[in-house]
Amino acid sequence: MTSDRSICDLTATELARAIVRGELSSRDAVEAHLARIADRDTRLAAFVTVDADGARRAAQMCDAASAPIGPLHGVPVGIKDLTDTAGLTTTYGSVLFRDHVPREDDLVVARLRRAGAIILGKTNTPEFGFGAVCTNRLCGPTRNPFDSALTSGGSSGGSAVAVASGMVPLAHGTDFGGSVRTPASFCDVASIRPTPGRIPSPRRPFGWDMLATHGFLARNVDDLEFALSVCAGGDANDPLSLGSVGDDHSIAGRPRIAVTPDFGVAPVAREVRARLAAACEALARVADLVPSSPDCGGAIEAFRTLRAANIASSYGELLRTRRAELTPTVIWNIEAGANLSAQDYLNAERRRTAIYRSFRELFTHADVLVAPAASVLPWPNEIADVTAIDGAALETPIDYLAVTFIVSLVGLPVLTLPVPRGEHELPFGIQIIAPPGCESRLFAFGRMLENELGFSHRRPPL
């Protein structure tokens with residue numbers, strides 16, 4: 001573990017162990033990853049901001065400590081630029097906030113720091129997280145490391161690329177409608193969107209809103225479990241977090257897997273359906289595939305309504321006062337909720353409840369549910385939105401996310417894993433979905449797929 005390359009190829013778990021054992025220093029880890037960023041990020045644009053000086057100071061503190069600061073002692077991480085970092089520029093992907101330096105860390109960042117993690121910088125995101133391509137007027141596009149002409153996915157594309165290319169072993173992301181899962185699928189890495197509230201968001205304006213969550217991207221399941229373990233735990237100011245631990249249990253005997261290519265309603269490309277079918281042939285070697293699927297009728301309309309109402313409330317004033325400085329994608333997202341009524345909102349909540357109960361019924365017959373982690377494969381960065389799939393026009397620019405946002409709608413935890421692929425095939429991942437609070441089940445099953453079927457990250461040809 002003496003060369004930069006070998007240090008950058010270590011997982012977060014391996015790196016933490018090596019530092020604690022004295023096989024390398026925190027400074028070694030930071031310098032190796034900073035060198036990797038310097039070598040690759042000019043081409044890939046994964047980072048909006050790199051805090052080399054701050055990272056070196058943090059590494060010096062780690063190396064001077066008489067005992068490990070925490071489980072992630074000395075491990076470099078990236079933080080998505082939608083999330084506040086004290087003393088470090090946080091732009092939210094917008095020119096309106098190009099000079100914004102928060103005074104306080106978001107709770108998830110504070111917990112990572114307390115665990116000993118070293119923040120190397122802020123990873124790129126579309127403006128306010130709204131966009132199919134990871135680009136904004138400050139940075140980007142963040143290029144897919146497997147084909148730099150293609151998108152890395154929105155909106156945690158910067159984090160996905162940073163992990164896939166070895167700039168950091170672990171990166172934070174956020175997920176509203178698929179924003180850790182789609183980039184993970186496109187960039188051949190693993191991700192976790194935990195049960196809403198598992199990682200608290202005490203500043204969230206709507207305390208009971210569970211559409212958006214923090215999450216993580218890494219190169220294997222162990223690192224995702226590691227990261228979640230240091231960031232999970234209740235906070236009195238987040239009501240969802242106080243009941244976020246579920247009735248998890250290990251899978252007894254041979255796993256039972258339900259599979260859906262589209263939840264019965266999501267538009268999904270033929271090529272993605274074929275890739276899922278191939279993955280299921282492999283899954284059948286280690287699990288029983290059971291014929292069960294939730295009733296998701298009305299899910300797309302319900303999510304559109306709830307999302308639009310949330311965004312209009314959060315950003316409506318910005319649209320009124322700074323419209324000329326916003327991107328067209330952000331404007332569309334805010335305007336989508338302008339004319340919703342209270343009855344529209346309640347109808348969506350009613351449908352959401354029925355769909356949730358249908359998922360719970362499914363889990364009485366299956367241990368996990370498997371679906372594609374993206375409805376399409378990566379497309380060129382020059383194409384701003386997915387407007388059609390297999391020649392069929394989509395009603396709105398977010399409908400290509402239906403295969404992921406349906407899971408967001410009902411608040412279930414999701415592990416995303418890359419599937420084995422041919423030498424010339426683009427990356428593709430699957431969602432593995434479990435009941436609320438059952439992350440341990442996902443991690444155990446995911447490790448089995450990594451070890452027995454090779455559902456794991458492959459290094460890009462950089």
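All residue numbers in this chain count up from 1 along the given sequence. Atom set for the values below is all heavy atoms of this structure, side chains included, hydrogens, waters and symmetry mates excluded.
- Using bins of under 30°, 30° to 60° and over 60° for the plane-to-plane angle, the ring pair F263/F359 lands in the tilted bin.
- Of the possible donor and acceptor atoms, one in the side chain of D344 sits under 3.5 Å from a partner among the backbone N and O of S341.
- In this structure, R421 fails the cation-pi test against F428, since its NZ or CZ atom is not both closer than 6.0 Å to the six-membered ring centre and inside 45 degrees of the ring normal.
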Would V101 and L88 count as a side chain to side chain contact (heavy atoms under 4.5 Å, CB included) here? Give the steps. CA-CA 6 Å; V101 180; L88 180 59; 5.9 Å; no
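- For R322, the salt bridge (charged side-chain N to carboxylate O under 4.0 Å, His left out) test picks out E325, with sequence neighbours left out.
- Contacts of R447 classified as salt bridge (charged side-chain N to carboxylate O under 4.0 Å, His left out), with partners at least two apart in sequence or in another chain: D222, E225.
- Contact check for K80 versus S155: side-chain heavy atoms found under the 4.5 Å cut-off.
- Side-chain atoms of W379 and F186, non-hydrogen and from C-beta on, do get closer than 4.5 Å to each other.
- Remark: the backbone N or O of T151 is not paired with any side-chain donor or acceptor of R143 at under 3.5 angstrom.
- Partners of H365 according to the ring pair (Phe, Tyr, Trp, His ring centres under 6.0 Å) rule, which considers only residues two or more places apart in sequence or in another chain, do not exist here.
- Judged by distance alone, the side chain of T305 and the main-chain N or O of E301 form a donor-acceptor pair under 3.5 Å.
- Side chains of C187 and P145 form a contact here, defined as non-hydrogen atoms less than 4.5 Å apart.
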Pair up each side-chain donor or acceptor in residues 381-390 with any protein partner under 3.5 Å, not counting sequence neighbours, and list the distances.
unit_1: N381; atom_1: ND2; unit_2: A149; atom_2: O; d: 3.4
unit_1: N381; atom_1: ND2; unit_2: L150; atom_2: O; d: 3.0
unit_1: D390; atom_1: OD2; unit_2: R270; atom_2: N; d: 2.7

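- The nearest pair of heavy atoms linking P169 to V75 is CG-CG1, 3.9 Å.
- Between the side chain of S185 and the main chain of T182, no donor-acceptor pair closer than 3.5 Å is present.
- In this structure, D106 CG and I79 CD1 are separated by 9.0 Å, a value rounded to the nearest 0.5 Å.
- Residue S375 comes nearest to V272 through the heavy atom pair O-CG2, 3.4 Å, listed as atom of the first residue, atom of the second, then distance.
- Few gaps surround CZ on R203; more than 12 heavy atoms of other groups in view lie less than 6.0 Å from it.
- The ring pair (Phe, Tyr, Trp, His ring centres under 6.0 Å) contacts involving residues 197-229 comprise H172-H214, where partners must be two or more places apart or lie in separate chains.
- Separation of atoms CD1 (I192) and CG (L415) is listed at 5.0 Å; rounding is to 0.5 Å.
- A donor-acceptor pair under 3.5 Å links the side-chain atoms of D175 to the main chain of S179, judged by distance alone.
- Side-chain contact, T174 with R193: no donor N or O sits under 3.5 Å from an acceptor N or O.
- Counting heavy atoms from C-beta on, the side chains of P255 and F445 come closer than 4.5 Å.
- The minimum heavy-atom distance between G158 and C134, with the atom names listed, is N-SG, 3.6 Å.
- Without hydrogens or angle criteria, D41 side chain to F47 main chain gives a donor-acceptor distance under 3.5 Å.
- Judged purely by distance below 3.5 Å, without hydrogens or angles, the side chains of N310 and R307 never pair a donor atom with an acceptor atom.
- For R43, there are no salt bridge (charged side-chain N to carboxylate O under 4.0 Å, His left out) partners two or more places apart in sequence or in a different chain.
- Formation of a donor-acceptor pair under 3.5 Å by the S241 side chain with backbone atoms of G197 is not found in this model.
- Side chains of R352 and Y356: no donor on one and acceptor on the other come within 3.5 Å.
- No more than 12 heavy atoms of other residues, nucleotides or ligands sit less than 6.0 Å from atom CD of E271.
- Residue pairs that meet the side chain to side chain donor-acceptor pair (under 3.5 Å) test with at least one member in residues 108-128, sequence neighbours left out, are D81-K122, T85-K122, T90-K122, S94-E127, D105-R113, T123-S159, N124-N136, N124-T142, E127-T327.
- Applying the ring pair (Phe, Tyr, Trp, His ring centres under 6.0 Å) criterion to F130, with sequence neighbours excluded, gives Y315.
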L283/L449 under side chain to side chain contact (heavy atoms under 4.5 Å, CB included): CA gap, chis, key distance, verdict: CA-CA 8 Å; L283 290 172; L449 299 189; 3.6 Å; yes
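- Counting heavy atoms from C-beta on, the side chains of F455 and P418 never come closer than 4.5 Å.
- Of the possible donor and acceptor atoms, one in the side chain of T321 sits under 3.5 Å from a partner among the backbone N and O of E317.
- Interatomic distance, CE of M167 versus NE2 of H33, reported as 11.0 Å (0.5 Å rounding).
- With sequence neighbours left out, F363 forms a ring pair (Phe, Tyr, Trp, His ring centres under 6.0 Å) with no residue at all.
- Annotation: side chain of L276 is in contact with side chain of V259 (closest heavy-atom distance under 4.5 Å).
- For the salt bridge (Lys or Arg N to Asp or Glu O under 4.0 Å) condition, the pairs that include at least one residue of residues 331-341, sequence neighbours left out, are R323-E335.
- Here the straight-line distance linking atom OG1 of T49 with atom CG of D51 works out to 8.5 Å at 0.5 Å rounding.
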Checking side chain to side chain contact (heavy atoms under 4.5 Å, CB included) for the pair V163/R219: CA distance, chi angles, key distance, verdict? CA-CA 7 Å; V163 168; R219 295 192 291 270; 3.5 Å; yes
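- Shown here for L319 and I331, the closest heavy-atom pair between the two residues is CD1-CG1, 3.9 Å.
- Between S165 and R36 there is no side-chain heavy-atom pair separated by less than 4.5 Å.
- Counting only distance, with no hydrogens or angles, the side chain of T353 and the backbone of E349 share a donor-acceptor pair below 3.5 Å.
- Y92 and D84 are linked by a side-chain donor-acceptor pair at a separation below 3.5 angstrom, with hydrogens and angles left out of the test.
- Residue pairs meeting the salt bridge (Lys or Arg N to Asp or Glu O under 4.0 Å) criterion with at least one partner in residues 364-380, sequence neighbours excluded, are R256-D367.
- With sequence neighbours excluded, no residue forms a salt bridge (charged side-chain N to carboxylate O under 4.0 Å, His left out) with E361.
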Applying side-chain hydrogen bond (donor to acceptor under 3.5 Å, both in side chains) to T91 and R137, what does each step give before you reach the verdict? CA-CA 11 Å; T91 72; R137 290 170 177 165; over 6 Å; no
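- Atom CG of D188 is separated from atom CG of L426 by 10.5 Å, given to the nearest 0.5 angstrom.
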Under the side chain to side chain contact (heavy atoms under 4.5 Å, CB included) rule, what do L211 and F303 come out as? Steps first, then yes or no, please. CA-CA 9 Å; L211 290 178; F303 182 84; 4.0 Å; yes
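- Between T11 and D223, some side-chain heavy-atom pair lies under the 4.5 Å cut-off.
- With hydrogens and angles ignored, the 3.5 Å screen pairs a side-chain donor or acceptor of D238 with a backbone N or O of S201.
- Once rounded to the nearest 0.5 Å, the distance linking CG of L377 with CG of D147 reads 12.0 Å.
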